[in-house]
Chemist: 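Below is one structure. I have some questions about it.
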Protein chains: 2
Amino acid sequence: MATGRDVAQLAGTSTAVVSYVFNNGPRNVSDETRAKVLAAAEKLNYRPNALARALSFGRTASVGLIVPDIANPFFGELARALEDAAIARGDLLLIGDSALDEDREAQIIAAFVERRVDSVVMVSIREHPDFSAFTQAGIPVVALHPVDRGSAASSVTIDYEAAARAAAEHLVSHGYDSIALLNGPYDSVGAGQHRRGFRAAVERADAPIRTSEVNSATSRADAAARALDWLARPDRPRAVTCATDEQAYGVLHAAHRLGLRVPQDLAVMGFDGTGHSAYAVPALSTVRQPIPRIAERAVGLLAEARGDPVHDVLGYELELRESCGCGAGMSYAAPAAPPA
Amino acid sequence: MATGRDVAQLAGTSTAVVSYVFNNGPRNVSDETRAKVLAAAEKLNYRPNALARALSFGRTASVGLIVPDIANPFFGELARALEDAAIARGDLLLIGDSALDEDREAQIIAAFVERRVDSVVMVSIREHPDFSAFTQAGIPVVALHPVDRGSAASSVTIDYEAAARAAAEHLVSHGYDSIALLNGPYDSVGAGQHRRGFRAAVERADAPIRTSEVNSATSRADAAARALDWLARPDRPRAVTCATDEQAYGVLHAAHRLGLRVPQDLAVMGFDGTGHSAYAVPALSTVRQPIPRIAERAVGLLAEARGDPVHDVLGYELELRESCGCGAGMSYAAPAAPPA
DNA sequence: CTGAAAGCGCTTACAG
DNA sequence: CTGAAAGCGCTTACAG
């Protein structure tokens, strides 16, 4: 490929001027010279080498994203929103899929550090993610889940406990006498938040409610397998609230296979609220995370990112549709973000 | 961050030796010196700068992927499979989501060229994709859809027409007297292939079949909107075969809203066959594309990639489940790949 | 087996 | 307004 030197030669000028033209600075270039450079570049089909540029300039104009499972539509939507936000700032988003594998996650982290991404947005699969590779390299990180106190990473999340509680409270308000929580793996941090929210909701109910918790991986396959077994039992719950939409889809599928009607025999609530949830059979009631705002805020924090980590909590929204027992779709007002 | 010079200084040697150690060549290094270098690197937390390496070495060890819609699970699975294949070769996969937008696609192409990815896997949203930016830069491309004759890009696909025909033939074999094709946008290349396959199937049926074609965008939202209207009419078809699973999900949703039972009132076939299709309500019969093999073949072609473009056609598989009227899930043998 | 030096393709003070 | 030159952090012939 043609280099800046080739262009400079053909235009009868220096590489410095070629650079000034392509970067609109930092020095002025006469209109005449600029025209010659652009013509030469056009003719040679010149494309500046971003590697050389980054090496010299000290910025790669790229932000890395690490997600646990790119086949999960929630992360797909998230990647889309982050790409929008990054491109709006002139950056490229590099997406790494850790495929729910810790070694793979570590590989991607190493690759991002070696490629000197300017910043990183991360959804780790580890309970206590190690951000040290990034911090040692001076690369700011924002996690899209709660982080340990004292961690160097910022975070942008919703209040999962409050949201889980809101979801469960809604099922309580329907008057269901037995409600189960289909949670993630028992010991995970996220599972603790969903559990606390769930308990707070059912404990405050007027009539006593029979409750239980079942755990599955965050996949429709695993959730369906569990539910097929669990919902076949005579003491199955009247309603289920799930820690993710993925698990809710598994429950919907299992209910269908078992001949249970949703919501007449079993009410179901999801959690995440991607666009797909509106097209489930039946339409899935869920807690919607504000993906576009999460993405904008994350990229914004990284752009500023100086000094102490910031922990932002954004509002969520209850999206009530058919699966919980509500009729036509209705969307309840978003709770305001709690004070930071 | 520490550089190779810092490491060399601390180890009392030269940057050349640091390079030899970290690359295991091309020169030998004595065990003693190697140990010193590794100790120094460890102490300084040295991470080689991949930009500098690539600039000097001439390879970035990265392959770019451009997909139309990362929120579509088919492309999510594809990205996952390609990442597996790339990492197995020591490369990083960079994922760009064109978000069904031609300008965005062009931006990503430019970004990949500037970053000098070694090769590109592409699913373009354009009818006649322009690969010239890549070919001018000497970057080999494989498209995962048919490409124009004379194009510089290789391709890895299934035989869409034959697969569409197999899907429709299966519905014919159920004896349905009216079958519709829910196709993509009418004028697209892909739509032509689905249309020809569909027609070949219904024309060879023993009894006459009432047929029709409806078009929607490749999204559950648009497919559902169309289907809600269309399937409410008295002349609605007995069975629908769709150009993508996404559209089939929209049909399943619309059928549910209209009170139509699947498959008793309406049989449905999808096309793509991601993992999610098995968990639809009801489980979706579909044509499964061999994603892992597509990914391996694509990365393999790119690694070899010398000379003329190659056009590979892989086999597909009919995945018969509940939605078409088949009982328990059964998977029919994969047709062999036609001769190249 | 090891070191000094050129080169990859940019950017940017430094002179003019 | 423009050019010659140093430097970003690597790799790799070239000498020894």
Side-chain angles (χ1 to χ4, degrees), chain A residues 1-38 40-41 44-62 110-111 113-118 137-139, chain B residues 1-38 40-41 44-62 110-111 113-118 137-139:
Chain A
M1 281 198 68
T3 70
R5 243 165 74 98
D6 300 329
V7 175
Q9 261 169 10
L10 183 59
T13 181
S14 70
T15 61
V17 171
V18 173
S19 169
Y20 301 151
V21 169
F22 272 81
N23 295 304
N24 284 315
R27 295 270 170 279
N28 274 329
V29 176
S30 69
D31 287 348
E32 189 187 4
T33 310
R34 171 183 307 272
K36 276 195 233 162
V37 167
L38 290 174
L44 297 175
N45 220 283
Y46 173 61
R47 307 281 168 223
N49 182 323
L51 303 171
R53 180 172 210 287
L55 186 60
S56 170
F57 192 64
R59 271 194 86 236
T60 54
S62 58
V113 170
E114 285 170 4
R115 279 171 176 70
R116 302 292 192 271
V117 296
D118 297 324
I139 299 172
Chain B
M1 280 198 69
T3 69
R5 242 164 74 97
D6 300 329
V7 174
Q9 261 168 10
L10 183 58
T13 182
S14 69
T15 61
V17 171
V18 173
S19 169
Y20 300 152
V21 169
F22 271 81
N23 295 304
N24 284 315
R27 295 271 169 281
N28 273 330
V29 177
S30 70
D31 289 349
E32 190 188 3
T33 310
R34 171 183 307 273
K36 276 195 233 163
V37 167
L38 290 175
L44 296 175
N45 222 284
Y46 172 62
R47 307 278 169 226
N49 182 324
L51 303 172
R53 183 175 207 286
L55 186 59
S56 171
F57 191 62
R59 272 193 85 237
T60 53
S62 57
V113 170
E114 285 169 6
R115 280 171 176 73
R116 301 292 193 270
V117 295
D118 296 323
I139 299 173

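Predicted model only: the values in this text are computed from it and were never measured.
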Chemist: Of the nucleotides D/dG7, D/dT2, D/dC10, which has the atom closest to the A/S56 side chain?
Modeler: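 So the side chain of A/S56 is nearest to D/dG7.
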Chemist: For C/dT2, does either OP1 or OP2 sit under 4.0 Å from a side-chain N or O belonging to B/S30?
Modeler: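 Yes, such a contact exists.
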Chemist: Kindly compute the distance separating CZ (A/F22) from CG (A/L38), expressed to the nearest 0.5 Å.
Modeler: 6.0 Å
Chemist: Is the backbone N or O of A/A2 less than 3.5 Å from a side-chain atom of A/D6, with the two atoms forming a donor-acceptor pair by type?
Modeler: no
Chemist: Which value, rounded to the nearest 0.5 Å, describes the distance between B/R116 atom CZ and B/I139 atom CD1?
Modeler: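 One gets 7.0 Å once the value is rounded to the nearest 0.5 Å.
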Chemist: Using a 4.0 Å heavy-atom cut-off across all strands, classify A/Y46 as base, sugar-phosphate, or nothing.
Modeler: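 Sugar-phosphate, no base atom in range.
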Chemist: Between P on C/dG3 and CD on B/Q9, what's the gap in Å once rounded to a whole number?
Modeler: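 So the CD-P distance, B/Q9 to C/dG3, works out to 13 Å.
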Chemist: Return the polar atom pairs (N/O with N/O) between nucleotides 13-15 of chain D and the protein under 3.5 Å, or none.
Modeler:
| residue | atom | partner | partner atom | Å |
| --- | --- | --- | --- | --- |
| D/dA13 | N6 | B/Y20 | OH | 3.0 |

Chemist: Between atom CD of A/Q9 and atom OG1 of A/T3, what is the distance when rounded to the nearest 0.5 Å?
Modeler: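 Rounded to the nearest 0.5 Å, the CD-OG1 separation comes to 8.0 Å.
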Chemist: Report the distance from atom CZ of A/R59 to atom C1' of C/dC10, rounded to the nearest whole Å.
Modeler: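 One finds 16 Å between C1' of C/dC10 and CZ of A/R59, rounded.
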Chemist: Using OP1 and OP2 only, check whether a side-chain N or O of A/S14 sits under 4.0 Å from D/dG3.
Modeler: yes
Chemist: Would you kindly give the CZ-to-P distance between B/F22 and D/dG9, to the nearest whole Å?
Modeler: 15 Å
Chemist: What is the nucleic acid contact for B/S19, judged by heavy atoms within less than 4.0 Å: base, sugar-phosphate only, or nothing?
Modeler: base
Chemist: Rounded off to whole Å, could you give me the CG-to-C1' distance for the B/N24 and D/dT12 pair?
Modeler: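 Value for this atom pair: 16 Å.
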Chemist: Is any side-chain N or O of A/T33 closer than 4.0 Å to OP1 or OP2 of D/dT2?
Modeler: yes
Chemist: Indicate whether the side chain of A/N49 and that of B/R115 have a donor and an acceptor atom separated by less than 3.5 Å.
Modeler: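 On atom types as modelled, these side chains do not qualify, holding no pair under 3.5 Å.
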Chemist: Could you please name the partner base of D/dC14, counting Watson-Crick and G-U wobble pairs only when both distances are under 3.5 Å?
Modeler: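 Its partner is C/dG3 (Watson-Crick or G-U wobble, both distances under 3.5 Å).
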Chemist: Output yes when at least one side-chain N/O atom of A/N49 is less than 4.0 Å from OP1 or OP2 of C/dC8, else no.
Modeler: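 It does not, given that no N or O in the side chain of A/N49 lies less than 4.0 Å from OP1 or OP2 of C/dC8.
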Chemist: Taking CG from B/L55 and P from D/dC10, how many angstroms apart are they, rounded to a whole number?
Modeler: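 Rounded to whole Å, this separation is 12 Å.
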Chemist: Both B/R34 and B/A52 contact DNA chain C. Taking the nearest nucleotide for each, which residue is further toward the 5' end?
Modeler: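 The residue mapped nearer the 5' terminus is B/R34.
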Chemist: Roughly how far, to the nearest 0.5 Å, is the CD atom of B/E32 from the OG1 atom of B/T13?
Modeler: 11.0 Å
Chemist: Hey, could you give me the OG1/CG distance between A/T60 and B/L51, rounded to the nearest 0.5 Å?
Modeler: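 A/T60 atom OG1 to B/L51 atom CG measures 6.5 Å (nearest 0.5 Å).
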Chemist: Rounded to whole Å, how long is the line connecting atom CD of B/E114 with atom P of C/dC10?
Modeler: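 Between P of C/dC10 and CD of B/E114: 10 Å.
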Chemist: Report which part of the nucleic acid B/V18 touches: base, sugar-phosphate, or nothing (heavy-atom distance under 4.0 Å, all strands).
Modeler: nothing
Chemist: Looking across every strand, which nucleic acid part, if any, lies under 4.0 Å from B/N28 by heavy atom: base, sugar-phosphate, or nothing?
Modeler: base
Chemist: Can you tell me how far C1' of D/dC10 sits from CZ of B/R47, to the nearest Å?
Modeler: 17 Å
Chemist: Looking at A/F57, I'd like to know if the NZ or CZ of A/R59 sits under 6.0 Å from its six-membered ring centre while staying within 45 degrees of the ring's axis.
Modeler: no
Chemist: Which whole-number value in Å describes the distance from A/F57 CZ to C/dC8 C1'?
Modeler: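 Going from A/F57 (CZ) to C/dC8 (C1'), I get 20 Å.
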Chemist: Taking for each residue the nucleotide of DNA chain D bearing the nearest heavy atom, is the 5' side occupied by A/T15 or by A/V29?
Modeler: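 This one resolves to A/V29.
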